[in-house]
Number of protein chains: 2
Amino acid sequence: MATIADVAREAGVSRSTASYALSGKRPISEEVRRRVLAAAEALAYTPNAGARALATAQTKVLGLLAQFHEDEFAPAMMQYILGVTNTARDLGYDTLLVTEADGVRALRRVTDSRMVDGVVLMNIAHDDARLPVLRAAPQPGALVGFPGDCSGLDVFDLDFEETGRVMVEHLHRLGHRELILVSHPEHVVERGGAYVWRLRDAALERARQLGVILHAAYGESRQPAVGRLLHHLLDTYPAATGLLINNEAAAAALPSVTYERGLRVPGDLSVIGRYSADFAATFSLPYSFVESAPDRLGAMAVRQLVRRVESQAARQEPFVVRFISPELVSRDSTAPPRPSRA
Amino acid sequence: MATIADVAREAGVSRSTASYALSGKRPISEEVRRRVLAAAEALAYTPNAGARALATAQTKVLGLLAQFHEDEFAPAMMQYILGVTNTARDLGYDTLLVTEADGVRALRRVTDSRMVDGVVLMNIAHDDARLPVLRAAPQPGALVGFPGDCSGLDVFDLDFEETGRVMVEHLHRLGHRELILVSHPEHVVERGGAYVWRLRDAALERARQLGVILHAAYGESRQPAVGRLLHHLLDTYPAATGLLINNEAAAAALPSVTYERGLRVPGDLSVIGRYSADFAATFSLPYSFVESAPDRLGAMAVRQLVRRVESQAARQEPFVVRFISPELVSRDSTAPPRPSRA
DNA sequence: CGCAATCATCGAACCGGTTCGACAATCAGG
DNA sequence: CCTGATTGTCGAACCGGTTCGATGATTGCG
């Protein structure tokens, strides 16, 4: 493999001149520049990433830390990852994907060893053990997800509280007065998945204000448990006419449940979900939903991260917490309620 | 951040001694080793990855090249990726995930710049343009997927031909005599997705031998197109009593299609899919299926790749092409056929 | 015509590790 | 007690880039 010394020799100049000719950081005569470029081309020269990283203290790599707990719903994660990797590449960065179970150790490893210029964290827990490590790291970091303490980091997430309100308001406006909300499994909450209770508490509050009965239940993340749970909820609250779903696995399981019960949507039951358009399309989900915009969130996080990485000035700016507003995509799965579902 | 020079100074030894004490590559007195280790601990020393890569010509990073075409079914990909990243980490490697659309340029970039010690390629096309680049690269490579020309590379894939035969034989044994096979979209085949026709051709051949009528159709990868297609196929072949699905999106769409038509599985229609257990679980798919074992394939590819990376001897060994045998997981979605579906 | 300013290039140092060869100290054997 | 092998440590070179300061060649100006 050709080094810059080979290029310099081929072009008949010194190594430093070759470097300047390629980077353009100092004026070089047109004649010499041509020779260097030709030599680099002829030798198929590509800078050695390790050497460059050592010299410039920049790796042009971002770390993406995603934790996959046993019960995590992996398919939904893909969209976030693609948002990150594609945006990073557009900005000239590659992405180191770290899925290690021990997120703290993983984060420490990639930051301490200077493998990455910055880090995006996903699956943020309310009291995430990785955050202190990230704050202490020399590289900037961005979060996709909303922790209890946002200090020292840029944070991006869907506005789950507004999402809860939008869902309740939409069904209230159609005349529904008793609703069921299916969230994520209880252990997701225990682990610190704040988005679950943020949506739930805001929905409960709004329901209270509007005089709507809202039954908030934990979910499951797997078949057949999630299907059984949906059946159970529909049995338990026979007067409920609307279903709010903040749980991808439950949304995916719902069609067969309504089929088994002979329920029609929206005739017998109105449904609103919260997931991405991509997810809806690939899994044939016929429900109106609030777009969770995973690719957009990943892209926003990366753009802000790269700004901080590349500009000393940007690194001094105050940290941002940015929520994207829920957007309700109508699929005609909601309608005014029938007097009784039974 | 502490360097090895800091550690050496703190321990009162030379840089080289510190290095040997930490790596154990030369005998060091117990006394000095203790002092060096203590100093490293006290200064929270972590080797700089770029410097180490430069010195050892090893990055301890593997490249994972995954292409996401417009119509690719992203969620299924996640399983492969996790198989790769987790196995890599177990073996001491991190993973650079590259999703760039221009796979050839991406591959050239990561190999030429020596960012990675080896490369795993996914979404292999029959005549994949990345393969010549990978063969010419100084790093070893492994494929998940089966190309037309396997020379110079280690190849891992599900045995799609045997899968096609197993599916046909299973339904034939139950008494079915007319079947439908839904594959991937036609453009996936045009792009070179060999697994589509490998399964199809083997299934057709076996059906011919057994005297079974098999209607092989292309699929779609999205709603609502894939749902419409399934309806169309069931309309077109009313005498068919069994359905073979080599297409995740079609499998995901089938429950609502059978519901809309009032068909019962397996009472009215027997169904066999080809996807992963994880996929089946998360999407409530109630069908018997051939396990596609994405995590196992990813893990196999990485293990072989790392062997070649780490051992000069292994690099001389002949290249392997390894198929994993289809395993039919029963979910009671197949039964002897009724006389007529209509 | 001589001097200062400008321009293009070069040499050397540096980034932070690893590794080779040399050397001093210790020890065993004759 | 001298020699030769063994053990532990050090200094220097190297990996392949980037960058700073210096230098020689031009050019502009008085």
Side-chain angles (χ1 to χ4, degrees), chain A residues 1-37 39-40 43-61 109-117 138-139 310, chain B residues 1-37 39-40 43-61 109-117 138-139 310:
Chain A
M1 201 89 234
T3 73
I4 201 169
D6 300 325
V7 173
R9 190 177 323 113
E10 178 84 7
V13 299
S14 72
R15 283 199 310 156
S16 53
T17 302
S19 176
Y20 286 124
L22 291 168
S23 71
K25 292 191 181 173
R26 275 198 187 177
I28 293 288
S29 70
E30 194 47 41
E31 153 69 6
V32 168
R33 155 181 266 100
R34 266 200 317 93
R35 286 213 317 268
V36 171
L37 261 47
L43 299 173
Y45 168 71
T46 308
N48 178 303
R52 175 170 277 180
L54 183 56
T56 62
Q58 281 220 0
T59 62
K60 288 291 180 179
V61 173
R109 179 163 45 79
V110 298
T111 54
D112 285 1
S113 69
R114 300 305 232 275
M115 301 179 80
V116 299
D117 293 338
Q139 299 97 335
E310 297 191 340
Chain B
M1 199 91 234
T3 72
I4 201 170
D6 300 325
V7 173
R9 191 176 325 113
E10 178 83 8
V13 298
S14 72
R15 283 199 310 156
S16 54
T17 301
S19 176
Y20 285 124
L22 290 168
S23 72
K25 292 191 181 172
R26 274 198 188 177
I28 294 287
S29 70
E30 195 45 40
E31 151 71 6
V32 168
R33 155 182 265 98
R34 265 198 319 93
R35 286 212 319 265
V36 171
L37 261 47
L43 299 173
Y45 167 72
T46 309
N48 178 302
R52 175 170 277 179
L54 182 55
T56 62
Q58 281 219 2
T59 63
K60 289 291 180 177
V61 173
R109 179 164 44 80
V110 298
T111 55
D112 286 0
S113 70
R114 300 305 232 277
M115 301 180 79
V116 299
D117 293 338
Q139 299 96 335
E310 298 192 339

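Every chain is numbered from 1 and lettered A, B, ... according to where its sequence line falls, protein lines coming before strand lines.
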ask   = Counting only side-chain N and O atoms of B/Y45, is one of them less than 4.0 Å from OP1 or OP2 of C/dG16?
value = no
message = So, OP1 or OP2 of D/dT18: does either fall under 4.0 Å of a side-chain N or O from A/R52?
response = yes
query = Roughly how many Å is it from CZ in B/R15 to C1' in D/dG11, rounded to a whole number?
reply = 10 Å
inquiry  = Nearest whole Å is fine: how far is D/dG16 P from B/M115 CE?
reply    = 17 Å
inquiry  = Below the 4.0 Å mark, does C/dT18 have OP1 or OP2 next to a side-chain nitrogen or oxygen of B/S19?
reply    = yes
inquiry  = Using whole Å, what does the distance between atom P of nucleotide C/dA22 and atom OH of B/Y20 come to?
reply    = 13 Å
remark   = Value for CZ (B/R26) from OG (B/S16), rounded to nearest 0.5 Å, stands at 8.0 Å
task = State, yes or no, whether a side-chain contact exists between A/D112 and B/M1 at a heavy-atom distance under 4.5 Å.
result = yes
ask   = Below 4.0 angstrom, N of the basic side chain to O of the carboxylate: do A/E30 and A/R34 qualify?
value = no
query = Can you tell me how far P of C/dG17 sits from CG of B/D6, to the nearest Å?
reply = 9 Å
key: First encountered from the 5' end of DNA chain C, between A/A55 and A/S29   = A/S29
ask   = Which listed nucleotide (D/dC10, C/dG11, D/dG16) is nearest to the side chain of B/R26?
value = D/dC10
request  = Looking at every strand, decide which applies to A/S113 at a 4.0 Å heavy-atom threshold: base, sugar-phosphate, or nothing.
outcome  = nothing
inquiry  = Whole angstroms only, please: what is the CG-P distance between B/N48 and C/dC15?
reply    = 12 Å
task = Quickly work out the A/Q58 CD to D/dT18 P distance and round it to whole Å.
result = 12 Å
Value in whole Å for how far the C1' atom of C/dG16 lies from CZ of B/R9 = 13 Å
message = Please tell me if A/S14 has a side-chain N or O lying less than 4.0 Å from either OP1 or OP2 of C/dT9.
response = no
query = Given atom CD1 of B/I4 and atom C1' of C/dG17, what is their separation to the nearest angstrom?
reply = 6 Å
key: N/O (side chain, A/T3) to phosphate O (OP1/OP2, D/dC15) under 4.0 Å   = no
query = Do A/T17 and A/S14 have a side chain donor and acceptor closer than 3.5 Å?
reply = yes
message = Does B/S16 reach a base, just sugar-phosphate, or nothing at all? Heavy atoms under 4.0 Å.
response = base
inquiry  = I want to check one thing: is the phosphate of C/dT19, taken as OP1 and OP2, less than 4.0 Å away from some side-chain N or O of B/K25?
reply    = yes
ask   = Which atom pair, heavy atoms only, marks the closest approach of B/A18 to B/I4?
value = CB-CG1, 4.1 Å
